[in-house]
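Working notes for the structure below.
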Amino acid sequence: MITQRRICAPPILGALLVLSACGGGDGGGSSTSSTPSAPQRGDLLTNPPQEVASYDSSALVGLLGASTLGQLLLSQVYSPSCSITIYQLEYETVGGAGEATTASGALMIPGGSNAACSGPRPIVLYAHGTNTDRTFNIASITAANDAEGLILAAIFAAQGYIVVAPNYAGYDTSTLTYHPYLNAVQQADDMMDALTAGRTALSVVSTPPAASDDQRLFITGYSQGGFVALATERAMQSAGATVTAAGPMSGPYALAAFGDALFEGEVTLSAPANVDLLTTSYQHAYSNVYSMPTDMFEPNYAADVDALLPSTTAITTLYAAGKLPEDQLFNSTPPASQYAAMTPATTPADLASIFAMGFGPNDLVTNTYRLSYIEDAQAHPDGGFPTATTDLPAAAPANGLRQDLKLNDLRGYTPSAPTLLCAGNEDPTVLFLNTQLMQGYWAAHSASAPVTVVDIDSSPTASDPYADFKNGFAAARAAVAAAAVLQGATDGGLNAVLSEYHAGLVPPFCLSAVKSFFDHT
């Protein structure tokens, strides 16, 4: 393992390094002097990279048939055009505080006799969703926890796109001891470093691939990865790099508003785990979330919370061991009497049952901290939530976490490349308000921006280019609800739908919509 590293600029300038001598646009880090140069961001640690596996089209169909998400994809009469070969990337990057570290990821290369599978091909740079498993490796598409990698391989690589997909710093073989979760600058840097490594690997793999880089670049990602994709598009645009198009999906783009909604009672699914990852990330990067964990967290969780996730221990085991509550972010007693109506929030009504799950006696965040957050939100309100004014985060929040959320909020950025946002309006994990607030900002401030918003959970309009995907989603949603009713559900299957919504129902249809968008850009 190489230990000597050189970082040529502070993290706020990291987005620019991908085009500089420091970042190493070709990932080579070579020098004409007799002294070997220090490793550069994007340098491959294993060169050539290790081949993980190869799959022909029939093998891919078999893998999809064994996956719930894959079955939804096959229901769209999907048929792969290409075989694929997957390589494991390991490369140099930076952490949330600008510290030198390593990360890993996947390079997926199409092949086969079909003309769409060989010759110059575009690259898809993909950002994955939130994962609490520190051993996560998106290159292992047969792993039980990686349906996302399988769907990515099937929709893009098996249809003729070269795919580069980082695992992110803090996962798999990375030497970073934490994950810089929703840190816009670091995660964009990580993505661009993976791209540099992937382009280098593409030219040095042991068996030269039939597909080569045609210099078209598409960026996409889901959930956390939707945020990362938009942050990466912003960073590359700022650096003057060319992005052909982007398709972020179901991401928490408007972080400051989303955080305010959470603390004001709209507690989403998996909120305790997400808040743990978020505060750990921001504490490492900015050191201002708390002076000590008990400033924010209940004593029975505070001892472990700042070094808990991601973990090699299954999240279900951590819940069972009392290391983290599964649902209850806040106490069911209001932090002050005037906040009873938001303990929990009851609107929108279709998500009220989800919000209620986030409250109880086994809470993660103390009432004292929640009260201080809400009071700051009321003294320094967000410009998009709960009332639309400036469409931007609060100008001068005093609470440390709110300051960090503002710093990483993506409102204020307008893409110059064609960009599609896809999400579902009843998402109980990443609220649809994130997509709405980005759309609202662009409509009010950048009406000519080349952006498209697709609500996958809506009725198709006349001549709707995404009608097939919306209809497919509606059919899948109805099937989940009907199955729940047959098993005795008395709510028409709503809770069953909500439990599958973010991680199960939306991804294959939004990914297919993004693929169609890329195909026609």
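All heavy atoms count here, side chains included; hydrogens, waters and symmetry mates do not.
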message: Quiz question: by atom type and distance under 3.5 Å, do the side chains of N367 and N331 form a donor-acceptor pair?
response: no

- request: Anything under 30° is parallel, anything over 60° is perpendicular, the rest tilted; go ahead and classify F518 against Y161.
  value: tilted

Interatomic spacing from CG in L405 to CG in N399 - rounded to 0.5 Å: 8.5 Å

Non-hydrogen side-chain atoms of F517 and F218 separated by less than 4.5 Å: no

- prompt: How many angstroms lie between atom CD of Q187 and atom CG of L230, to the nearest 0.5 angstrom?
  reply: 12.5 Å

field: Between N408 and Y181, a side-chain donor and acceptor under 3.5 Å
entry: no

query: Would you say the side-chain atoms of Q71 pair up with the backbone N or O of A66, donor to acceptor, closer than 3.5 Å?
result: no

message: Can you give me the closest heavy-atom contact between A103 and S174, atom names plus distance?
response: CA-CB, 4.1 Å

- prompt: Which of parallel (below 30°), tilted (30 to 60°) and perpendicular (above 60°) describes F330 and F359?
  reply: tilted

- request: Determine, step by step, whether Y466 and L420 satisfy the side chain to side chain contact (heavy atoms under 4.5 Å, CB included) criterion, reporting the C-alpha distance in whole Å, the side-chain angles of both residues, the deciding distance to 0.1 Å, and the verdict.
  value: CA-CA 12 Å; Y466 304 103; L420 178 143; 3.2 Å; yes

field: Within-4.5 Å side-chain heavy-atom neighbours: V430 and F227
entry: no

statement: Heavy-atom closest pair (L125 atom, L217 atom, distance to 0.1 Å) is CB-CD1, 4.1 Å

- prompt: Backbone N or O of L277 within a donor-acceptor pair of the S281 side chain at under 3.5 Å?
  reply: no

field: Modelled atom types, side-chain donor and acceptor of D133 and Y171, under 3.5 Å
entry: no

- prompt: Counting N and O atoms only, with roles assigned by atom type, does the side chain of N471 sit under 3.5 Å from a partner on the main chain of D468, one being a donor and the other an acceptor?
  reply: no

- prompt: Nearest 0.5 Å, what's the CG-CE distance between D306 and M292?
  reply: 11.5 Å

field: Interatomic spacing from CG in D350 to CG in L494 - rounded to 0.5 Å
entry: 7.0 Å

- prompt: Just wondering, do L318 and S311 contact through their side chains at under 4.5 Å, heavy atoms?
  reply: yes

query: With side chains defined as the heavy atoms from C-beta onward, is the minimum distance between P310 and F136 less than 4.5 Å?
result: no

field: Within-4.5 Å side-chain heavy-atom neighbours: C510 and V454
entry: no

- prompt: Do S353 and N495 meet the criterion of a side-chain donor-acceptor pair at a distance under 3.5 Å?
  reply: yes

message: Does this structure show an ion pair linking D260 with R402, if we count only N-O contacts that are shorter than 4.0 Å?
response: yes

- prompt: Shortest non-hydrogen contact from E233 to A246?
  reply: OE1-CB, 3.4 Å

message: Keeping T220 on the side-chain end and G247 on the backbone end, is there a donor-acceptor pair under 3.5 Å?
response: yes

message: Any side-chain to backbone donor/acceptor pair from N167 onto I138? Under 3.5 Å, distance only.
response: yes

S372 side-chain N/O to Y369 backbone N/O, donor-acceptor pair under 3.5 Å: yes

query: Are the side chains of T435 and M438 in touch, meaning some heavy atoms are under 4.5 Å apart?
result: no

query: Between S75 and L72, is there a donor-acceptor pair closer than 3.5 Å when you use the side chain of the first and the backbone of the second?
result: yes

- line: Taking every heavy atom of V267 against every heavy atom of D327, the minimum-distance pair comes out as CG1-O, 4.4 Å

- prompt: Does the E326 side chain pair with the main chain of Y319, one donor and one acceptor, at a distance under 3.5 Å?
  reply: no

message: Using 0.5 Å steps for rounding, measure from the OH atom of Y301 to the OG1 atom of T294.
response: 15.5 Å

task: Without swapping roles, check the side chain of S270 against the backbone of A273 for a donor-acceptor pair under 3.5 Å.
output: no

- prompt: Roughly how far apart are T268 OG1 and D427 CG, rounded to 0.5 Å?
  reply: 9.0 Å

P325 vs D363 side-chain heavy atoms within contact, under 4.5 Å: no

- prompt: Would I151 and L64 count as a side chain to side chain contact (heavy atoms under 4.5 Å, CB included) if you check the C-alpha gap in whole Å, the side-chain angles of each, and the deciding distance to 0.1 Å?
  reply: CA-CA 8 Å; I151 297 298; L64 290 167; 3.9 Å; yes

message: Under a plain distance cut-off of 3.5 Å, with no hydrogens placed, do H284 and Q186 share a side-chain donor-acceptor pair?
response: no

field: F473 ring center near Y501 ring center (under 6.0 Å)
entry: yes

Residues, nucleotides or ligands: over 12 heavy atoms within 6.0 Å of K323 NZ: no

field: Side chains of Q224 and Y168, donor plus acceptor under 3.5 Å
entry: no

message: Between Q237 and Y413, does the side chain to side chain donor-acceptor pair (under 3.5 Å) criterion hold? Intermediate values first, please.
response: CA-CA 10 Å; Q237 181 173 310; Y413 161 63; 3.0 Å; yes

task: Test the R411-Y441 pair against the cation-pi criterion, namely NZ or CZ under 6.0 angstrom from the six-membered ring centroid and within 45° of the ring axis.
output: no

task: Mind running side chain to side chain contact (heavy atoms under 4.5 Å, CB included) on V305 and M296 for me, showing each step along the way?
output: CA-CA 10 Å; V305 74; M296 181 174 183; over 6 Å; no

- prompt: Looking only at atom types and distance, does a side-chain atom of D376 sit under 3.5 Å from a main-chain N or O of A398, one as donor and one as acceptor?
  reply: yes

message: Could you tell me if Y126 and E148 have a donor-acceptor pair between their side chains, going purely by distance under 3.5 Å?
response: yes

task: Determine the minimum heavy-atom distance between M342 and R370, stating which atoms define it.
output: O-NH2, 2.8 Å

field: Side chains of V514 and F156 in contact at under 4.5 Å (non-hydrogen atoms)
entry: yes

message: Checking side-chain polar atoms at under 3.5 Å, does H502 have a donor or acceptor matched by the opposite partner on S250?
response: no

task: Mind running side chain to side chain contact (heavy atoms under 4.5 Å, CB included) on V451 and L421 for me, showing each step along the way?
output: CA-CA 8 Å; V451 295; L421 298 188; over 6 Å; no

- line: Scanning both residues in full, the closest heavy-atom pair of L69 with A147 reads CD1-CB, 3.8 Å

